[in-house]
Amino acid sequence: MRIGVLGTGNMADALATHWVRAGHEVVVGGRDAHKAERLARRIGGGAKPASLRVAAEFGQVVLAALPFGAGVEVVRGLGAALEGKVLLDCSNPVGPGFLLLTEGGPSAAQQLAAAAPGALVVKAFNLCHEDVWRMRPPGFDGRPLAVPVCGDDETALDHVYELVRDTGCAPVAGGGLERAGLLEATAALFIGLWVGEGADAQAIAPPLAYAAGPGDPQAEDGTAASRRDF
């Protein structure tokens, strides 16, 4: 697969390194040619440096490894270069106090989709620190890390599922792009718990077998989960 990377930061480094190891072709695009060259050299595997536009034109999948706010400006400026491309958004619109910067409005992923209406936007890889994505593979307690993925186009989702597996993780269908805001809100909550409170965010969710209540005969069809006692 041909992958264009927009950005030269830590997420670009962590994810693209997995993908070149998996045999994908990677072009790193940046505003600063020297940073793009340094990152391509560090990634190795034949990764090449380029401008943002050349990276976008090259990729079947284009990773927007850009801070929230900058992403919209960059993709809007690329215009037709993103037409028909899978645009993968890993940003987190989280501000001071671990607050969601998109509260009351469209998600960061939906803002990218509006700025690049010809692209097929998919949200993924936003729930973990870049050092987790550097792990080979990211996994805990003997299980691969699960990566929720949100998007509307089946072919685009298939491409991203493949890239998730190539990092050593397990893709999880997160629904359409309208649910990307839930992923972003989850990141804001988890970062607040991890960084702000020093709490183990993983401990807040019960095992799947208990999600609808242990031993509930109606748990399989979901009806029990919808009832509440008052």
Side-chain angles (χ1 to χ4, degrees), residues 1-93 108-109 111-113 115-138 147 149 151 155-156 158-169 171:
M1 195 184 306
R2 297 191 311 276
I3 302 171
V5 177
L6 307 180
T8 56
N10 290 329
M11 285 296 289
D13 185 2
L15 293 175
T17 297
H18 282 291
W19 296 335
V20 296
R21 286 173 181 154
H24 300 293
E25 299 176 74
V26 171
V27 167
V28 178
R31 284 177 170 152
D32 186 318
H34 296 295
K35 287 183 178 180
E37 186 175 354
R38 282 199 302 271
L39 180 54
R41 192 182 309 118
R42 185 160 63 248
I43 291 169
K48 297 178 174 62
S51 67
L52 292 166
R53 179 168 296 279
V54 168
E57 291 171 343
F58 173 82
Q60 297 165 275
V61 174
V62 179
L63 172 67
L66 301 163
F68 173 66
V72 167
E73 175 192 350
V74 169
V75 303
R76 184 179 289 124
L78 292 173
L82 292 170
E83 189 76 26
K85 305 298 182 71
V86 180
L87 183 59
L88 177 53
D89 174 34
C90 63
S91 69
N92 274 325
Q111 290 180 38
L112 279 190
L120 308 171
V121 177
V122 177
K123 186 82 182 189
F125 295 111
N126 72 304
L127 291 184
C128 297
H129 190 273
E130 60 263 16
D131 285 342
V132 172
W133 303 122
R134 294 183 198 278
M135 295 172 65
R136 299 179 61 185
V147 180
V149 180
T155 300
D158 286 343
H159 283 314
V160 175
Y161 290 163
E162 179 181 347
L163 294 178
V164 170
R165 294 187 188 99
D166 286 339
T167 67
C169 298

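FYI, the numbering just counts along the sequence from 1.
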Check: Taking all atoms of both residues into account, what is the closest heavy-atom pair of Ser91 and Pro93, and its distance?
Finding: O-CD, 4.0 Å
Check: Of the non-hydrogen atoms in Val75 and Ala115, which two are nearest, and what is the gap between them?
Finding: CG2-CB, 3.6 Å
Margin query: Once side chain to side chain contact (heavy atoms under 4.5 Å, CB included) is applied, do any residues pair with Ala22, and if so which ones, sequence neighbours excluded?
Written below: His24, Asp166
Checklist line | Interatomic distance, Glu73 atom CD to Leu78 atom CG [nearest 0.5 angstrom] | finding: 10.5 Å
Checklist line | Shortest non-hydrogen contact from Leu63 toward Ala12 | finding: CD2-CA, 4.4 Å
Note to self: Between Arg41 and Glu37, does the salt bridge (Lys or Arg N to Asp or Glu O under 4.0 Å) criterion hold? Intermediate values first, please.
What the structure shows: CA-CA 6 Å; Arg41 192 182 309 118; Glu37 186 175 354; 3.4 Å; yes
Next item on the list: Could you tell me which non-hydrogen atom of Ala156 sits nearest to which non-hydrogen atom of Val122, and how far apart they are?
Entry: CB-CG2, 4.0 Å
Item checked: Donor-acceptor under 3.5 Å (Asn92 side chain, Asn126 main chain) -> yes
Notebook entry, point to check: Can you check whether Val164 reaches Phe125 side chain to side chain, under 4.5 Å on heavy atoms?
Noted result: yes
Note to self: With heavy-atom distances below 4.5 Å as the criterion, would you say the side chains of Asp32 and Thr8 are in contact?
What the structure shows: no
Item checked: Thr155 OG1 to Gln60 CD distance, which is reported to the nearest 0.5 Å -> 11.5 Å
Notebook entry, point to check: What distance do Met1 atom CE and His159 atom NE2 have between them, rounded to the nearest 0.5 Å?
Noted result: 5.5 Å
Note to self: If you define the side chain from C-beta out and look only at heavy atoms, does anything of Lys123 sit under 4.5 Å from Leu112?
What the structure shows: no
Next item on the list: For side-chain contact (heavy atoms from CB on, under 4.5 Å), just list the numbers for Glu57 and Val27, CA-CA rounded to whole Å, side-chain angles, deciding distance to a tenth of an Å, and then say yes or no.
Entry: CA-CA 10 Å; Glu57 291 171 343; Val27 167; over 6 Å; no
Note to self: Measuring only between side-chain heavy atoms, which start at C-beta, is Trp133 closer than 4.5 Å to Val147?
What the structure shows: yes
Next item on the list: Over all heavy atoms of both residues, which pair between Leu6 and Ala55 is shortest? Give the atoms and the distance, please.
Entry: CD2-CB, 4.3 Å
Note to self: Keeping His18 on the side-chain end and Met135 on the backbone end, is there a donor-acceptor pair under 3.5 Å?
What the structure shows: yes
Notebook entry, point to check: Is a side-chain N or O of Lys85 found less than 3.5 angstrom from the main chain of Gly118, in a donor-acceptor match?
Noted result: no
Next item on the list: Report yes or no: does Arg2 contribute a side-chain atom to a donor-acceptor pair with the main-chain N or O of Phe58 at less than 3.5 Å?
Entry: yes
Margin query: Please check this pair: side chain of Trp19 against backbone of Leu163, looking for a donor-acceptor N/O pair closer than 3.5 Å.
Written below: yes
Item checked: Distance, nearest 0.5 Å, that separates OG1 of Thr167 from CZ of Arg134 -> 13.5 Å
Next item on the list: State, to 0.1 Å, how close Val28 and Ala36 come at their nearest heavy-atom pair, and which atoms those are.
Entry: O-CB, 3.9 Å
Next item on the list: Starting at CG of Asn10, measure out to CG of Leu15 and round the result to the nearest 0.5 Å.
Entry: 10.5 Å
Next item on the list: With the side chain counted from C-beta on, respond yes when Thr17 and Arg42 share a heavy-atom pair under 4.5 Å apart, and no when they do not.
Entry: no
